[in-house]
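Numbered from 1 within each chain, the chains take letters A, B, ... in sequence-line order.
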Number of protein chains: 2
Amino acid sequence: MPRHEPSAAHTRTVVGRAPAANTEDRMGAFHARLKDKGLKSTGQRDDIARVFFGIGRHISAEELYAEVKKINPHVGYATIYRTLRLLRECDLLQERHFDEGQARYEATDERHHDHFICERCGKIIEFQNDSIERLQEAVARELKAELRRHKMELYGICGDCLARGER
Amino acid sequence: MPRHEPSAAHTRTVVGRAPAANTEDRMGAFHARLKDKGLKSTGQRDDIARVFFGIGRHISAEELYAEVKKINPHVGYATIYRTLRLLRECDLLQERHFDEGQARYEATDERHHDHFICERCGKIIEFQNDSIERLQEAVARELKAELRRHKMELYGICGDCLARGER
DNA sequence: CTAGTTGCAAATGTTTTGCACAAAC
DNA sequence: GTTTGTGCAAAACATTTGCAACTAG
């Protein structure tokens, strides 16, 4: 559930996440995109995609592999990676590289957002701040450059960890 | 040479780079930090650090290895990586992970800055925008979180490539 | 039937490490 | 003379790929 917080002049930060399209809607979109591309729907692809859409956010390939194994022990790592790439090519997922060795994946959201990553508990909080987005465009204009995309990640200690008082 | 560009209300973007501390100053700092830590100065460390400080910015380990080989063909890859880590531990370099497989390294600058990366020519432009920094702090406050560091990279087509008109 | 898909194992690319030898302090 | 550093080759790690067998359309 998104929630608005009052904030400093000209700033509005939205924290949280709109109710996501449900898993079956996304599965339908996946099947449609596959058909468009002349590719096949298979049991493995369905299992992987359904687990991915159902499980939520910021999952790693390793975690996804473990989850998929529970319902279909036969799938291999290669198929996980190939299906993740396919979902990306269908614009149904986004790949993120936070400060770890491995990539994390999230279902594409209608809304663009950036991330706050807690360095203590690892929690990833999504937020949206239009003022920052506008300033990024302004920077690009000053460079006479064309801005296509950006990456912004804030790292620190989340409110819960601070409240828990563990230093 | 830093240069100021006029910009939209409340925004000031600084592009470019202050005259860097010179190589010998940085070498002196390196030797001092090594002594503090009870570590040794060696020919290899000096060769690697001097090449790194002299060569400028955003170099990869591979490029640094090639450059160092020119003046000291005997050094190994492992020593490059070990010296890069050491320089990081001495706060004399920063490691960056842009959208490539390999890390890039830059000498620590007195000024914090972020990067614009041209997706066509690969050029990396540094900039500084205090308004964005303030808004990042504001986001953290709204999350009741403590902001420790951030990563912001803008990707697009740089002014030179646009002017060159290649689409 | 046939193009597309899978699992496995092997390859990849970057970075790290174990270890015997060498060099600083 | 210890302690720390080095080079090499091998390991680690996340991800990709070749290939023969398989399966959806």
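The aromatic rings of A/His115 and A/His113 sit perpendicular to each other, their planes meeting at more than 60°, with 30° as the lower class boundary.
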Residue pair B/Val68, B/Gln44: steps toward the side-chain contact (heavy atoms from CB on, under 4.5 Å) verdict: CA-CA 9 Å; B/Val68 171; B/Gln44 287 93 324; over 6 Å; no
Test side-chain contact (heavy atoms from CB on, under 4.5 Å) on B/Asp47 and B/Ile71; report intermediate values, then the result. CA-CA 8 Å; B/Asp47 289 342; B/Ile71 63 162; 4.2 Å; yes
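Among D/dT3, C/dT14, C/dG7, the nucleotide with an atom closest to any side-chain atom of B/Tyr81 is C/dT14. Across D/dC8, C/dG7, D/dT17, the shortest atom-to-atom separation from the side chain of A/Arg85 is found for D/dT17. Counting only heavy atoms from C-beta on, A/Thr79 has its side chain closest to C/dT6 among C/dG4, C/dC8, C/dT6. For B/Ser41, the side-chain atoms get nearest to C/dC25 when compared with the rest of C/dG4, D/dG7, C/dC25. Of the candidate nucleotides C/dT5, C/dC19, C/dA24, C/dC19 has the atom nearest to the side chain of B/Arg82. Distance from the side chain of B/Ala78 is smallest for D/dA9 among the nucleotides D/dA9, C/dT15, D/dT6. Nearest to the side-chain atoms of A/Val75 among the listed nucleotides C/dG4, C/dG7, D/dT15 stands C/dG7. Closest approach to the A/Gln102 side chain among C/dC25, D/dG25, D/dT15 is made by D/dT15 (side chain taken as heavy atoms from C-beta onward).
For the pair B/Lys70 and B/Glu67, the salt-bridge criterion is met [side-chain N within less than 4.0 Å of a carboxylate O]. A salt bridge links B/Arg104 with B/Glu63: at least one charged nitrogen is closer than 4.0 Å to a carboxylate oxygen.
Going from atom CG of A/Leu64 over to atom P of D/dA14 covers 15 Å, rounded to whole Å. Between the CG atom of A/Leu87 and the P atom of C/dT5 there is a distance of 13 Å, given to the nearest Å. Atom P of nucleotide D/dA24 and atom NE2 of A/His31 are separated by 12 Å, given to the nearest angstrom. The NZ atom of A/Lys35 sits 14 Å away from the P atom of C/dT5 (whole-angstrom rounding). For A/Arg88 and D/dT15, the CZ to P distance is 11 Å, given to the nearest whole Å. Between A/Asn72 atom CG and D/dT23 atom P the separation is 12 Å, expressed in whole Å. At whole-Å resolution of the value, CG in A/Asp46 and C1' in D/dG25 are 14 Å apart. Protein atom CG of A/Leu39 is 12 Å distant from nucleotide atom C1' of D/dA24, rounded to whole Å.
Both tests pass for B/Arg149 against the ring of A/Tyr155: distance under 6.0 Å to the centre and angle within 45° of the axis.
Applying the 3.5 Å distance criterion, the base of C/dA3 shares a donor-acceptor pair with the side chain of A/Lys40.
Comparing B/Gly43 and A/Arg104 by the nucleotide of DNA chain D that holds the closest heavy atom to each, the one mapping nearer the 5' end is B/Gly43.
Phosphate contact (OP1/OP2 of C/dA23, side-chain N/O of B/Gln44, threshold under 4.0 Å): absent. For the OP1/OP2 pair of C/dT6 and a distance below 4.0 Å, the side-chain nitrogens and oxygens of A/Thr42 include at least one atom meeting the criterion.
Among the heavy atoms of the strands lying under 4.0 Å from A/Arg45 are primed sugar atoms or P, OP1, OP2 only; no base atom is included.
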